[in-house]
Protein chains: 2
Amino acid sequence: MGVRKRELPGGSPLVNLGTLDEAIGFHLRVAQDASFRAFARRAGQHDLKPGHFAALLVIANNPGIGQGALGRAIARDKSSVTPIIQSLSRRELIDRLTSAADRRRIQLSITKAGRALLRRLAPHVRNHDRNLDTIVGADKARFLGLLKRIADEIS
Amino acid sequence: MGVRKRELPGGSPLVNLGTLDEAIGFHLRVAQDASFRAFARRAGQHDLKPGHFAALLVIANNPGIGQGALGRAIARDKSSVTPIIQSLSRRELIDRLTSAADRRRIQLSITKAGRALLRRLAPHVRNHDRNLDTIVGADKARFLGLLKRIADEIS
DNA sequence: TATTGTTATACTCTATAACTATA
DNA sequence: TATAGTTATAGAGTATAACAATA
C-alpha cells in the first residue's frame, strides 16, 4: 500500500510551476479569473455582467458623463463602450441625452430602473466584495494600492 | 483664467468611481489587463502569447505531463488546452508522445527549439517580472499569497 | 483639423457538448 | 462505465480603422 510513482494526477499539487509560481502576472490572471467567475455567477441571475455592472456604477456616480470618459474610467476603448451603452440603454437602465452645449457628446445618466437594478444587485455585490475583503483582510488598502500602481506604472 | 466647470475630461481624474474604487475585483481586472498587455508587447516579438508561454513553461518543468494536468495547472479547460498544444506542437516547441502504459494519454515535453525560445524570451520575461516586482516591492510574498488565496477560496 | 461616438470587421480566448479511443 | 484528448460550435470581450456629425 505504499505511495506509488503517480503520474501528475487530480488536484495537481504535484505540478511544478517553476518560475511561474513566482510570477505576479500569472497569479494576477488566475485570481482575476476566479473573481470574475464568482461575480458573474452571483450577478448573472440579474443579467448583468461584470463589465456592464462597472459601467452602470460609473454612470450612476457621474451623471452626464460621456462615453470617452467612461471608457477611460473602466479602461476600455470607446468602441468597446458603445455596445455596453447600447445594451444598458435597450434595457432602459440608462438615459442618453445629447448635450446642448456640444452636440457631439452624449450625456449618460442612470434611470430609476437602473437604480432599482443596482439595489437588487447590492446584496450580491456586497457578498462578493465581502468575500474578497475577508480574504485580503487588514492589508486591503495596501493590496489595492499595489493593484492600482501596477495598472498605472507598467506602461 | 479661473478653473471652469470642466466636463470630465482627459486623464479622467474627475471621474468618481464610487464603490468601484474600493472593489478588489475591479482593480484586479484593470491590473491584470495592464500586465497582460505589457507582457504581450514584449513577448509578442517572439510570437508567444502569455497563455502559450505559461503552458510551455509548465511543460518544461513537468516533462511527461498530460493535457488534463496542464489545464488544471494553468486553470483552463482541457478543450482550451488543445489549441495551445496544437500551436506549440506545430511550431515544434513541444513533443507529444503517446504513453505506452495508457494509450489515451499524451505525454508532453519541451523540445530543443522550445528551450531555445524560452532562452531568447528570458530577458524580456525577466524585465517584465522585474517591473512588477519593483512595483510590489518587499510585500511580494504577501501579495502573491493573497492572489493565490483569492484564486483558491472564492469558490 | 480635431473630437465624439458608431459601425464594420476581425481576432483572441474560452467553454459546453458531443465525439473517438482507450481503459 | 470512466477517462484523455479532440472537434464543432458558439459566445463574450475586445480593438483597429474608417466613418458621420459636430466643433
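Any value given below was found using the heavy atoms of this structure, including those in side chains, with hydrogens, waters and symmetry copies removed. For clarity, every value in this text was computed on a predicted model and none was experimentally measured. Residue numbering restarts at 1 for every chain, and letters A, B, ... go by the order of the sequence lines.
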Starting from B:F39, can I reach B:L144 by hopping between I/L/V/M/F/W/Y residues whose side chains sit under 4.5 Å apart?
no

Using only modelled atom types and a 3.5 angstrom limit, is any donor from either the side chain of B:S79 or the base of C:dT16 paired with an acceptor on the other?
yes

Atom pair distance, as rounded to whole Å: CG in A:L97 and P in C:dT4:
17 Å

From CG of A:L88 over to P of D:dG13, roughly how many Å is that when rounded to an integer?
12 Å

Under the rule for salt bridge (charged side-chain N to carboxylate O under 4.0 Å, His left out), what residues qualify as partners of A:R37, not counting sequence neighbours?
A:D33

Would the distance check show the side chain of B:T134 and the main-chain N or O of B:R130 forming a donor-acceptor pair, the cut-off being under 3.5 Å?
yes

Lys/Arg-Asp/Glu bridge criterion (N-O < 4.0 Å) met for A:D95, A:K112
no

Please determine if B:K148 and A:D21 form a salt bridge, counting it only when a charged side-chain N lies under 4.0 Å from a carboxylate O.
yes

Within residues 23-38 of chain B, residues whose heavy atoms come under 4.0 Å of DNA chain D:
B:R37

Ignoring backbone atoms, establish whether A:R76 has a side-chain N or O less than 4.0 Å from OP1 or OP2 of D:dG13.
no

Here's a test of your reading of the structure: between A:P83 and A:A100, which maps to the more 5' nucleotide of DNA chain D?
A:P83

Just N and O in the side chain of A:S80: are any of them under 4.0 Å from OP1 or OP2 of D:dG13?
no

Between atom CG in A:L108 and atom C1' in C:dG5, what is the gap in whole Å?
10 Å

Quick check on D:dG5: is either OP1 or OP2 less than 4.0 Å from any side-chain nitrogen or oxygen of B:Q86?
no

B:R29 side chain vs A:I74 backbone, donor-acceptor pair below 3.5 Å
yes

Give the nucleotide from the list C:dG5, D:dT16, C:dT16 with an atom nearest to the side chain of B:D77.
C:dT16

Side-chain N,O (B:R72) to OP1/OP2 (D:dA4) below 4.0 Å:
no

Go through D:dA12, D:dT7, D:dA15 for me and flag the one nearest to the A:K49 side chain.
D:dA12

Where the side chain of A:K78 is concerned, which of D:dA15, D:dT6, C:dT4 is the nearest nucleotide?
C:dT4

On the nucleotide C:dT6, are OP1 or OP2 found under 4.0 Å from the side-chain N or O atoms that A:Q67 carries?
yes

Measure CG/A:L70 against C1'/C:dT4 and give the value in whole Å, please.
13 Å

How many angstroms lie between NZ in A:K78 and OG1 in A:T82, if you round to the nearest 0.5 Å?
8.5 Å

On DNA chain C, more 5' by nearest nucleotide between B:I84 and A:D102 is A:D102

Just compare D:dT6, D:dT22, C:dT6 and give me whichever is closest to any side-chain atom of A:R104.
D:dT22

Of the listed nucleotides D:dA4, D:dA23, C:dT22, the one nearest the side chain of A:R103:
D:dA23

